[in-house]
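The structure appears right after this line, and notes come after that.
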Amino acid sequence: MPVRVRYAPSPTGEPHLGNIRTALFDWLLARHEGGQFILRIEDTDQARYAEESVGAQMEALHWLGLDWDEGPDIGGPFAPYVQSERLEIYREHAERLIDNDRAYRCYCSTERLDRVRKELQARKQPPRYDRYCRSLTPDERATAEATGVAPVVRFKTPLDGETVTVDALRGDVTFQNDTLDDFVILKSAGFPTYHLASIVDDHLMEITHVLRGDEWLSSAPRHQLVYEAFGWDPPVFAHLSRILGPDKAKLSKRHGAHSVLHYREQGYLPDALINFLGLLGWSLDDRTEIISREEFVSHFDLSRALTNPAVFNAEKLDWMNGVYIRAMNPEEFAEAARPFLERAVGRTVDMGRLMPIMPLLQERVKLLSEIGDMADFFFVEGALEYTVESLLGKKFAEQPDAAAVALTRVAERVESVADWKHEALEAAIRPLAEELEMKAGPLFGLVRVAVTGRSAAPPLFETMAVLGREIVVERLNDALKRLPPNFS
RNA sequence: GCCCCCGUCGUCUAGAGGCCUAGGACGCCACCCUUUCAAGGUGGAGACCGCGGGUUCGAAUCCCGCCGGGGGCACCA
């Protein structure tokens with residue numbers, strides 16, 4: 001039997017790291033086993049449905065290269081893959097459970113339900129349904145029907161005994177049935193709850209492995225019971241650990257629970273994010289940190305997944321992204337970087353202008369979004385923005401005259417360099433330091449600010465070589481003009 | 001209140017009785033390289049394996065108890 005794994009997001013919000021990590025594990029398992037990866041939309045909550053969410057989910061998967069074999073957009077042998085289009089199926093199955101005396105209609109109002117729960121809580125009892133409608137007499141049922149209230153369908157949970165669920169990572173987990181209540185499987189509006197829809201779909205779609213967050217572990221016995229009631233074999237369940245924020249609380253917007261599309265905007269590379277997420281709660285061995293998608297696929301093994309929660313380590317993700325950036329070839333990097341640079345300088349930049357500066361930036365950025373700040377001076381027209389203080393730095397702070405002399409002499413040499421290459425520029429300027437009786441560092445620092453507007457930048461002469469003689473001279477002269485007037 | 005899960009450096013993790021004086025990675029600190037910033041190299045600090053009992057010649061690894069953290073107890077998934 002082929003392995004079939006599904007990623008079944010509910011379109012209520014953004015595809016954040018936790019969801020996508022589950023999707024990644026789903027995908028890895030399917031690809032490793034040579035099975036199918038299925039995308040299914042669980043939109044059975046009419047109240048929380050968010051229109052743009054389905055598209056965001058698919059875009060996130062696309063961006064990360066997690067391709068699916070069956071899904072709402074491409075169809076498949078078990079279509080439809082959107083639960084709101086399968087209501088009749090759930091209704092029939094709920095009906096079947098009622099006929100088999102494994103479920104019943106419940107007419108209780110939400111007010112009564114709330115009251116019951118509150119009373120139980122006041123008595124320090126677990127808040128749950130009191131099974132009032134489970135034992136309605138035919139007369140009482142007829143009366144309830146006559147009122148016209150739309151009933152829900154509840155599952156008849158065994159009153160005693162225990163239910164053993166099997167978790168692929170934890171082994172048997174046993175629950176006492178008397179801690180479970182009669183949960184709703186079909187809402188009054190005709191929509192199923194997760195407890196019915198996911199079970200019915202997973203069975204009908206021949207899903208073999210269900211990976212989900214461990215917040216589902218406490219619901220596992222319910223699902224086990226539903227499978228048993230239908231006479232079906234349950235799939236393999238694996239409850240994955242949570243991804244936590246730095247404060248060990250649930251990952252929130254404050255520390256990275258953004259949509260993964262947000263990571264794209266920040267300039268993270270899909271391969272880097274895959275690498276990072278794949279190593280959150282899973283490991284290959286005691287030393288592998290950088291691992292390709294292909295290696296993941298060939299080595300992925302569910303049994304090496306961890307059950308303990310993992311804190312999201314943003315610094316490590318950034319480091320890893322830098323590793324991937326440096327591993328790109330120059331063309332790839334330029335293509336990836338261009339949109340970020342264009343956004344920063346506010347106009348289009350052609351590859352011809354871009355390619356020469358790419359090597360200077362590639363080993364200096366961790367995120368593509370840093371490129372704007374780091375390289376905009378290559379494209380800015382007119383005067384740069386910087387202060388005289390930063391231009392003079394520590395070395396020239398007390399002697400602007402010396403800075404003026406240095407800048408003038410550098411400009412002269414720059415004008416006369418025959419072969420406009422960084423080697424020639426260095427050969428022309430480095431000796432100047434000795435002539436001016438100073439070290440090369442401070443001199444270069446002065447020129448660096450004059451030419452780039454900042455004290456930290458790519459190597460000076462390579463930068464000048466790319467900038468071109470005209471701009472370099474212009475910027476040196478501009479720097480000269482900013483120096484305080486010479487009173488001597 | 002009840003039920004379930006989890007517990008190795010700050011963080012991600014390796015570890016399935018002796019290979020562990022607990023290994024790797026991020027981050028941090030030095031030093032090297034160096035025109036700045038990065039990158040790279042070398043070294044370092046950092047975990048009494050949550051705590052307490054057992055079992056065993058021997059336990060991070062097995063058992064029990066406790067503590068701490070998290071999750072669930074909806075006509076949400």
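First the proteins, then the strands, lettered A, B, ... as listed; each starts at 1. Values below: every heavy atom of this structure, side chains too, minus hydrogens, waters and symmetry copies.
Among the nucleotides B/U35, B/A74, B/C6, the one closest to the side chain of A/F461 is B/U35. When the nucleotides B/A77, B/C75, B/C3 are ranked by their closest atom to the side chain of A/R154, B/C75 comes out on top. The nucleotide whose nearest atom lies closest to any side-chain atom of A/W216 is, among B/U35, B/A77, B/A39, B/A77. In this structure, of B/C2, B/U35, B/G71, it is B/G71 that holds the atom nearest to the side chain of A/S218. Minimum atom distance to the side chain of A/N308 is reached by B/G7, of the listed B/G7, B/A77, B/C73. Taking every side-chain heavy atom of A/S283 into account, B/U13 is the closest of B/U13, B/C12, B/A39. Nearest to the side chain of A/A310, among B/C12, B/U35, B/A39, sits B/C12. If you check B/C73, B/C75, B/U36 against the side chain of A/R222, the one that comes closest is B/C73. Checking B/C26, B/C2, B/G71 against every side-chain atom of A/P126, the shortest atom distance belongs to B/C2. Ranking B/C26, B/G40, B/C73 by closeness to the A/R128 side chain, first place goes to B/C73.
Between the A/R242 side chain and the A/D214 main chain, no donor and acceptor come within less than 3.5 Å of each other.
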Trace of the side chain to side chain donor-acceptor pair (under 3.5 Å) decision for A/S283 with A/R304:
CA-CA 7 Å; A/S283 66; A/R304 285 192 66 82; 3.3 Å; yes
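Here A/R48 does not pair with A/D43 in a salt bridge; the nearest charged N to carboxylate O distance is not below 4.0 Å. Between A/E289 and A/K316, at least one side-chain N (NZ, or NE/NH1/NH2) sits under 4.0 Å from a carboxylate O, which counts as a salt bridge.
When heavy atoms are screened at a 4.0 angstrom cut-off, A/R454 is found touching no nucleic acid atom at all. Among the heavy atoms of the strands lying under 4.0 Å from A/P459 is at least one base atom, whether or not backbone atoms are also near. Base engagement by A/P458 is indicated by at least one non-hydrogen atom pair under 4.0 Å involving a base atom. Residue A/P11 is classed as having no contact, given no heavy-atom separation below 4.0 Å to the nucleic acid. In this structure, A/E42 reaches the sugar-phosphate backbone alone: every heavy-atom distance under 4.0 Å involves primed, P, OP1 or OP2 atoms, never a base. Among the heavy atoms of the strands lying under 4.0 Å from A/L460 is at least one base atom, whether or not backbone atoms are also near. Among the heavy atoms of the strands lying under 4.0 Å from A/T44 are primed sugar atoms or P, OP1, OP2 only; no base atom is included. When heavy atoms are screened at a 4.0 angstrom cut-off, A/P309 is found touching the sugar-phosphate backbone but no base atom. Heavy atoms of A/S455 sit under 4.0 angstrom from at least one base atom. A/G322 comes within 4.0 angstrom of nothing in the nucleic acid, heavy atoms only. A/T174 comes within 4.0 angstrom of sugar-phosphate atoms only, judged by non-hydrogen atoms across all strands, and of no base. Counting any heavy atom pair closer than 4.0 Å across all strands shown, A/R364 reaches a base atom. Across all strands, A/R170 comes closer than 4.0 Å only to sugar-phosphate atoms, never to a base (heavy-atom distances). Using a 4.0 Å heavy-atom cutoff across all strands shown, A/V173 reaches sugar-phosphate atoms only and no base atom.
Distance, A/F444 CZ to B/C37 C1': 15 Å, rounded to whole Å. Protein atom CE of A/M358 is 20 Å distant from nucleotide atom P of B/A38, rounded to whole Å. Following rounding to the nearest Å, A/L120 (CG) and B/C2 (C1') show an atom-to-atom distance of 11 Å. Summarising the geometry, the separation between CG on A/L317 and P on B/A25 is reported as 18 Å, rounded to the nearest angstrom. B/G72 atom P lies 9 Å from atom CG of A/D214, rounded to whole Å. Following rounding to the nearest Å, A/R112 (CZ) and B/C75 (P) show an atom-to-atom distance of 12 Å. Atom-to-atom, CZ of A/F378 to C1' of B/C37 comes out at 13 Å; the value is rounded to the nearest Å. Atom P of nucleotide B/G69 and atom CZ of A/R242 are separated by 17 Å, given to the nearest angstrom.
Within the 4.0 Å cut-off from OP1 or OP2 of B/U13, not a single side-chain nitrogen or oxygen of A/R287 is found. Between B/U11 and A/K248, a contact under 4.0 Å exists linking OP1 or OP2 to a side-chain N or O. In this model, the phosphate group of B/U35 is approached by a side-chain N or O of A/R430 to a distance below 4.0 Å at OP1 or OP2. At least one side-chain nitrogen or oxygen of A/R326 sits closer than 4.0 Å to the OP1 or OP2 atom of B/G40. Between A/R304 and B/G15, a side-chain N or O to OP1/OP2 separation shorter than 4.0 Å is present.
Listed in residue order, the members of residues 181-191 of chain A having a heavy atom less than 4.0 Å from RNA chain B are A/V184, A/K187, A/S188.
At least one side-chain heavy atom of A/E145 sits less than 4.5 Å from a side-chain heavy atom of A/R105. When side chains are defined from C-beta on, A/P235 counts as touching A/Y227, because their heavy atoms get closer than 4.5 Å.
When the C1' atom is used for both B/A30 and B/A45, the distance is 10 Å, rounded to whole Å. With P as the reference atom, B/C64 and B/A25 are 36 Å apart, rounded to whole Å. Going from the P atom of B/A39 to that of B/C62 covers 40 Å, rounded to whole Å. Taking the P atom of each, B/G27 and B/C57 are spaced 47 Å apart, rounded to whole Å. Comparing B/U8 with B/C4, their C1' atoms sit 23 Å apart, to the nearest whole Å. Taking atom C1' in both B/C49 and B/A59, one finds a spacing of 11 Å when rounded to whole Å. Atom name C1', nucleotides B/C20 and B/C9: the rounded distance is 14 Å, in whole Å. Here the separation of B/U13 from B/A60, taken at their C1' atoms, is 14 Å to the nearest Å.
Between the side chain of A/E215 and the base of B/G70, no donor-acceptor pair of N or O atoms lies under 3.5 Å.
In summary, the side chains of A/S298 and A/E295 do not present any donor paired with an acceptor at a separation below 3.5 Å, with no hydrogens or angles considered. No side-chain N or O of A/T22 forms a donor-acceptor pair with one of A/N19 less than 3.5 Å apart.
Pairing for B/U35 is absent, judged as Watson-Crick or G-U wobble with the two contacts each under 3.5 Å. Pairing of B/C51, defined by two Watson-Crick or G-U wobble distances under 3.5 Å, is identified with B/G65.
Using the six-membered ring where Trp is involved, A/F296 and A/W282 have ring planes that are tilted, between 30° and 60° apart. The aromatic rings of A/Y194 and A/W216 sit parallel to each other, their planes meeting at less than 30°, with 60° as the upper class boundary.
Listed by first and then second residue, the salt bridge (Lys or Arg N to Asp or Glu O under 4.0 Å) pairs involving residues 165-192 of chain A are A/R131-A/D182, A/R134-A/D182, A/D167-A/R170 (not counting sequence neighbours).
Residues satisfying the side chain to side chain contact (heavy atoms under 4.5 Å, CB included) test with A/K439, not counting sequence neighbours, are A/P442.
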